[in-house]
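Here is the structure we will look at, set down as structure tokens.
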Amino acid sequence: MIKTCALVGNQNSGKTLLFNHLTGLNQKVGNWPGVTVDRKDGVIRGTDISITDLPGIYSLSPYTSEEEISRQFIVNDKPDLIINIIDSTSIERALYLTTQLIELGIPVIAVLNMQDILSKKGLAIDVKKLESILGIKCVSISALKKTGIKELINTIKNFNNTRVRENKIFNKEIESLVSEIEKEIDNDIFEKRFAAIKIFERDKRYYNKYYAEKFNEKIELIEREEKLDSEEIIAGARYDYIEKIRDVVVTKTKKNNVNLTAKADKILLNKWFAIPIFLIIMVLIYLLSVGLVGGATVNIVDILFNGGDTIEFPLPWAAYEVSLGDGITGLGPLLADSITNAGGSAWAASLVADGVVAGVGAVLNFVPQIMILFLLLSLLETSGYMGRVTFLFDRLFKKLGMSGQSLIPFIVGTGCSVPAIMGSRTIENKNEHQMTVTLTPFMPCSAKLPIISCFVGGIFGANWLVTAGMYILAIVVIVLSGFILNKFFVKNKSTSYIQELPNYHIPSASYVLQDVGSKTWAFIKRAGTIIFLCSIVVWVLLNVNYQFQYVENVDESLLADIGRSISWIFAPMLGMNFSWGASVSAIQGLVAKEQVVSSMEIITAVGEGGNVFGGNGMFSFFNGFSAMGYMIFTLFSAPCFGAIGAMKRELNNGHDFWRAILFQTGLAWLLASLVGIWGALL
Ligand code: GDP
Ligand code: MG
């Protein structure tokens, strides 16, 4: 009887989809202890069998943290059964993992997924033959069309074959050395054959002095004969073995006349068109999500929460206004009124309206556009297009210490850095992941747009070239930072590996909707909690003085005191002018970047007669250089607390985290100060 099993497979093999079918709603999502890799546990429908979804991997040689996690889980938790899901349309890549799983000595069921595509391509896999070669049970399914799932569950339920047959896949000489090593392995290691092969490969997790003394000479002998190192010998033998299997089990059922994938690739991956097509798609996505939907909804959500009488649609090509007549009071002011009417104090009303409701509203503002962004990207990802584009950009990104997969966080980052940073988790290489997390916040997210449009409108005569220039500057900063950090600070550079491209799929609606739903919810939870807490803290700083008494005027507040004491930091970028208004607004930007603008507006209003911005409002305070400097600082310095929280979670090492924050803020300060000082010297 099977009690526990592990679901193992390559990325994009349909693991998530199968896991959801097998478990229904009986699943728990969490993290592997100590690492930020998703962990899903569930119970197979109609049984007591628990199933754990392991990270998508290509091999059990722990080159990546995912592979290491999977190997450790299997070896330490020793599930009764491994369910190995295979993309039938590329079994060569999948079987590379399967051969290793079998060596662990735990029973394996191979689930041949994507049956629907296989038959569309006019191909079939001889399941009986594959079973007899590998010596394991094989089941054909289509996770998308939900065929074969019941049979699979029954097979798992009734599984009783606990003996695992060894596959002799290496030549006689290696096999006999491997079995010799196997005899020397400790009894508390159950994965004897796996361990023996790893020792032959001199894998440090198993290979030690004892084995070195005993076997190194024999390993070297084989290496000299084959003129390869032992690891390459094993990999080569696996591929030879798999090729032979493929030749006998994959058969043609009918003539494969239209190869859609090849045809589509002729255009989409064309030497000349690929990048222009990609750029056009990205611009369209941006215009649709951040521009159209974002432009239309941010203001509406804001009015619902904070009240107002005019809806503004700052669409990328023009700005429209719709007057609401008497206007809407908004949730915040409504609650504030009822608190005051019920005899509550002014500070309580303000805490609810300006702290709590405004803070939550600041997060929810972004939900509609982010959902559209997720939807479009999910369609591109599941159709197989994104995989090709990341492949296309991989070499370029490698030069910057990142991977082709970094592209997606940068695109999502134009909407919001929080989901962008969370989404970078799929990047396997640790350095590339870290670099992506550090550089993604440089992308102007949609909360930074109000800062740009405020200055571009007020100082630069609404010149759209300045707006476009900020995006170009962001890309230049990302490229230069990546280049410099990679050149001087990254020690173990990863080499790109050629990955087989997946076929195009028609995206499944239910899958895409589920994907969008879970990502949106994750965003709301993550950004919501942090921004909520920080809004309250900043509200307190803004509304009490150093004696902790409630104050009505911003310039008497604790935050103003803090602003005054750190205004020297901002002086260089402001053309050597000191202004607590600018520093307080920059601090507010840490809660949510769009608050930089509203904070400056509030401070201008109360500062009249005072000299916050020189007495004449902020636009007479700034000139072109100081406006540019201040804009650069607020755009490129440490992101909002929501994104900082996401960075902290991804870079689970405190040292890496602080280094990233310091790098961002230091670079932003330097660039901004250079611009400001340049202006002051002219
Ligand atoms: P994972 O990366 O292994 O978790 O794979 P997913 O479950 O996310 O699936 C990757 C993509 O393959 C999704 O777009 C699925 O809709 C698609 N997919 C999964 N199984 C099948 C299948 O049996 N047939 C087809 N046509 N598509 C599938
Ligand atoms: Mg998945």
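Start at 1 and go down the list; that is how both ligands and their atoms are numbered. The structure displayed is predicted, hence computed values, not measured ones.
- Considering all non-hydrogen atoms of both residues, Ser142 and Ile149 come closest at O-CD1, 4.5 Å.
- For the ligand labelled ligand 1, residue Asn10 lies inside the 4.0 Å heavy-atom shell.
- In terms of N/O distances under 3.5 Å, ligand 1 is approached by Asp116.
- Applying the 4.0 Å criterion to heavy atoms of Ile117 picks out, from ligand 1, the atoms 25 (C), 26 (N).
- Contacts between Gln11 and ligand 1 below 4.0 angstrom, taking non-hydrogen atoms only, involve the backbone exclusively.
- The one candidate from Lys399, Arg425, Lys398 that meets the salt bridge (charged side-chain N to carboxylate O under 4.0 Å, His left out) condition with Glu432 is Lys398.
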- What do the steps show when you test Lys244 against Asp240 for salt bridge (Lys or Arg N to Asp or Glu O under 4.0 Å), and what is the final call? CA-CA 6 Å; Lys244 272 185 225 134; Asp240 291 344; over 6 Å; no

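- Interface atoms of ligand 1 facing Asn12, defined by a heavy-atom separation under 4.0 Å, are 1 (P), 2 (O), 3 (O), 5 (O), 10 (C).
- Ser13 counts as a contact of ligand 1, since one of its heavy atoms falls under 4.0 Å from the ligand.
- Residues Glu191 and Tyr206 have side chains that bring a donor and an acceptor to within less than 3.5 angstrom of each other.
- At under 3.5 Å, not a single nitrogen or oxygen of Lys145, backbone or side chain, sits near a nitrogen or oxygen of ligand 1.
- Against a heavy-atom cut-off of under 4.0 Å, Ser142 is close to the following atoms of ligand 1: 22 (C), 23 (O), 24 (N).
- Arg205 pairs with exactly one of Gln72, Glu68, Lys198 by the side-chain contact (heavy atoms from CB on, under 4.5 Å) rule, that one being Glu68.
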- Where do Asp41 and Arg39 land on the salt bridge (Lys or Arg N to Asp or Glu O under 4.0 Å) test, with the steps shown first? CA-CA 7 Å; Asp41 291 307; Arg39 167 169 186 157; 2.9 Å; yes

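- Each of Glu243, Glu103, Glu92 was checked for a salt bridge (charged side-chain N to carboxylate O under 4.0 Å, His left out) with Arg238, and the lone residue meeting it is Glu103.
- Counting heavy atoms under 4.0 Å from ligand 1, residue Ile141 does not touch it at all.
- Closest heavy-atom approach to atom 6 (P) of ligand 1 within the set Gly14, Gly56, Ser383: this belongs to Gly14.
- Every atom of ligand 1 is numbered from 1 in the order shown, and the set under 4.0 Å from a heavy atom of Thr382 is 14 (O).
- Under a 4.0 Å criterion applied to the non-hydrogen atoms of Ala143, ligand 1 contributes the atoms 20 (N), 22 (C), 23 (O).
- Annotation: cation-pi pair Lys78/Phe190 present, NZ/CZ under 6.0 Å from the ring centroid and within 45° of its normal.
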